Colleague: 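The following block contains the structure, expressed as structure tokens.
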Amino acid sequence: MPELPEVETIKRDLQKIILGAKIKKVCVYNPMVIREPSPPVFKKSLEGLVIKNILRRGKLLILELSNGSALTIHLKMTGQLVLRQKLSNSGKAKNSRVVFHLSGGKILDFNDQRLFGELRLVDDWGKIKFIQSLGPEPFDLTYGDFKDMLFKKKTKIKPLLMEQSFIAGIGNLYASEILFRAKVDPARSAQSLSEGEKKAVYKEIKKVLSKAIKHGGSSIDDYVRLSGKKGDYVKFHRVYGRQDQPCFVCNSKIKKITQGGRGTYFCPKCQM
DNA sequence: AATGGGACCTGCGCGC
DNA sequence: TGCGCGCAGGTCCCAT
């Protein structure tokens with residue numbers, strides 16, 4: 001499940017491999033993932049453009065193109081961007097939805113089992129509603145900002161960390177991991193955190209995300225890097241996916257609860 | 001403002 | 001072996 005570290009990893013991989021490449025041909029195998037414009041216009045407009053810049057905002061990838069437009073890619077749950085050496089006779093892999101044939105013989109495959117992923121071609125990516133609704137990037141955040149943002153927030157801290165309009169880029173997995181390391185109960189009301197706890201959460205947001213980026217993200221389920229290789233951060237997970245297993249710190253059983261329809265993992269002793 | 005639910009999808013693992 | 005079910009979680013949307 002791609003969150004900020006996974007998307008950032010893909011962004012950096014893309015910068016090394018496809019920056020400056022020309023989009024020669026676009027093959028659409030499932031038009032459902034193209035949100036705008038219509039799939040035929042999407043395909044026709046993209047062909048011939050050069051990839052000038054590659055950015056990330058929250059969990060969204062942004063490819064700026066030579067005519068000033070931008071291709072945005074949201075991987076949602078199961079989306080993958082994979083560089084293929086070659087494809088089978090059908091021209092696609094199992095879940096290829098859109099395949100970009102680039103100059104230099106590079107093939108970029110947008111693969112997405114569950115079809116939640118979204119591609120858009122827009123004139124001005126700053127005007128995308130989703131972008132405008134995003135909160136600050138975690139790495140741009142000062143502690144003063146963060147403290148102000150928590151002020152009078154009654155919401156539980158864990159769902160709050162996942163709210164993209166609050167902070168951009170944190171999803172279900174990293175929210176649990178951050179709170180474990182900060183020793184904060186995920187069910188606590190955000191405004192009830194002590195100064196020390198707020199500071200701990202703030203610090204762990206940056207620490208966990210940057211370490212995860214350093215290790216190429218977390219490959220559980222579908223996420224892979226551009227090369228098809230897995231991200232390495234799973235070995236640092238302390239709570240995510242570990243219900244009923246012993247806490248690495250105190251040996252208590254890790255618990256799983258549901259918050260806002262999502263699984264939350266935590267240690268009932270370390271995070272009292 | 002906060003919270004809960006459903007919707008969008010598919011494949012997997014479970015129990016029977 | 002096979003069927004049906006619940007579950008995974010990013011985001012939007014609606015209801016309370």
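Only a predicted model underlies this, so the values are computations on that prediction, with no experimental measurement involved.
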Colleague: I need the CG-C1' distance between A/Leu115 and C/dG10, as an integer number of Å.
Modeller: 14 Å

Colleague: Take atom CZ of A/Arg114 and atom C1' of C/dG9, then tell me their distance rounded to the nearest Å.
Modeller: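 Value for this atom pair: 7 Å.
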
Colleague: For the pair made of CD1 in A/Ile131 and P in C/dT11, what is the distance, rounded to whole Å?
Modeller: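 Between P of C/dT11 and CD1 of A/Ile131: 11 Å.
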
Colleague: Kindly state whether the pair A/Phe116 / C/dT11 counts as stacked, where counting means centroids closer than 5.5 Å and planes tilted less than 30° apart.
Modeller: no

Colleague: Write down the distance between NZ (A/Lys129) and C1' (C/dC12), rounded to a whole number of angstrom.
Modeller: 8 Å

Colleague: A/Met162 CE to B/dA2 P: how many Å, rounded?
Modeller: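 Going from A/Met162 (CE) to B/dA2 (P), I get 16 Å.
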
Colleague: Look at the side chain of A/Phe130 and decide which nucleotide, out of C/dT11, C/dG9, B/dG11, has an atom nearest to it.
Modeller: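 From the listed options, C/dT11 comes nearest.
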
Colleague: Fill in the dot-bracket string of DNA chain C, one character per base: . for unpaired, | for a pair to another strand, ( ) or [ ] for pairs within the strand, taking Watson-Crick or G-U pairs under 3.5 Å.
Modeller: .|||||||.|||||||

Colleague: Please state how far atom CG in A/Asn95 lies from atom C1' in B/dC12, giving the value in whole angstrom units.
Modeller: 13 Å

Colleague: With a 4.0 Å cut-off on heavy atoms, is A/Gln164 in touch with a base, just the backbone sugar-phosphate, or nothing at all?
Modeller: sugar-phosphate

Colleague: Determine the Euclidean distance between corresponding C1' atoms of C/dG2 and B/dC9; express it in Å to zero decimal places.
Modeller: 23 Å

Colleague: Can you tell me how far P in C/dT11 sits from the matching atom in B/dG11, rounded to whole Å?
Modeller: 22 Å

Colleague: Which distance, rounded to the nearest 0.5 Å, do you find between the CZ of A/Phe110 and the NZ of A/Lys92?
Modeller: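 Answer for the CZ-NZ pair, A/Phe110 versus A/Lys92, is 13.5 Å.
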
Colleague: Can you tell which of C/dG10, C/dC12, B/dC9 lies closest to the side chain of A/His74?
Modeller: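 Shortest atom-to-atom distance from the side chain points to C/dG10.
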
Colleague: Judged by modelled atom types alone, do A/Tyr202 and A/Lys198 share a side-chain donor-acceptor pair under 3.5 Å?
Modeller: no

Colleague: Out of the candidates A/Glu8, A/Glu6, A/Glu64, only one should pair with A/Arg56 under the salt bridge (charged side-chain N to carboxylate O under 4.0 Å, His left out) rule; please name it.
Modeller: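 Only match with A/Arg56 under salt bridge (charged side-chain N to carboxylate O under 4.0 Å, His left out): A/Glu8.
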
Colleague: Using whole Å, what does the distance between atom P of nucleotide C/dG9 and atom CD of A/Gln259 come to?
Modeller: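 Taking atom P of C/dG9 as the reference, CD of A/Gln259 is at 12 Å.
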
Colleague: Between C/dG9, B/dT10, B/dA2, spot the one nearest the side chain of A/Lys153, thanks.
Modeller: B/dA2

Colleague: Do you know which of A/Gln259, A/Lys156, A/Lys255, A/Lys256 makes side chain to side chain donor-acceptor pair (under 3.5 Å) with A/Thr264?
Modeller: A/Gln259

Colleague: Is it true that A/Glu195 and A/Lys147 make a salt bridge, defined as a side-chain N closer than 4.0 Å to a carboxylate O?
Modeller: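 Between A/Lys147 and A/Glu195 there is a salt bridge, with a charged N closer than 4.0 Å to a carboxylate O.
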
Colleague: Side-chain N or O of A/Lys76 versus OP1/OP2 of C/dC12: is the shortest distance under 4.0 Å?
Modeller: no

Colleague: Roughly how far apart are A/Lys52 NZ and A/Asn67 CG, rounded to 0.5 Å?
Modeller: 11.0 Å

Colleague: What's the CG-P distance between A/Leu160 and B/dA1, to the nearest Å?
Modeller: 13 Å

Colleague: Could you state the interatomic distance from CD1 (A/Ile128) to CD (A/Glu36), rounded to the nearest 0.5 Å?
Modeller: 6.5 Å

Colleague: Could you say whether A/Lys152 or A/Lys94 is positioned toward the 5' end of DNA chain B, judged by the nucleotide with the nearest heavy atom to each?
Modeller: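 Comparing both residues, the 5'-ward one is A/Lys152.
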
Colleague: Taking only side-chain nitrogens and oxygens of A/Tyr240, does any of them come within less than 4.0 Å of OP1 or OP2 of C/dG9?
Modeller: yes

Colleague: Taking for each residue the nucleotide of DNA chain B bearing the nearest heavy atom, is the 5' side occupied by A/Arg262 or by A/Lys156?
Modeller: A/Lys156

Colleague: What nucleotide among C/dA8, B/dT10, C/dG10 has an atom nearest to a side-chain atom of A/Lys256?
Modeller: C/dA8

Colleague: When you compare B/dC8 with C/dC3, how far apart are their P atoms, in angstrom units rounded to a whole number?
Modeller: 25 Å

Colleague: Salt bridge check: are A/Glu137 and A/Arg57 linked by an N-O gap of less than 4.0 Å?
Modeller: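 Between A/Arg57 and A/Glu137 there is a salt bridge, with a charged N closer than 4.0 Å to a carboxylate O.
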
Colleague: Reading DNA chain C from 5' onward, which residue's closest nucleotide shows up sooner: A/Tyr265 or A/Ser133?
Modeller: A/Tyr265

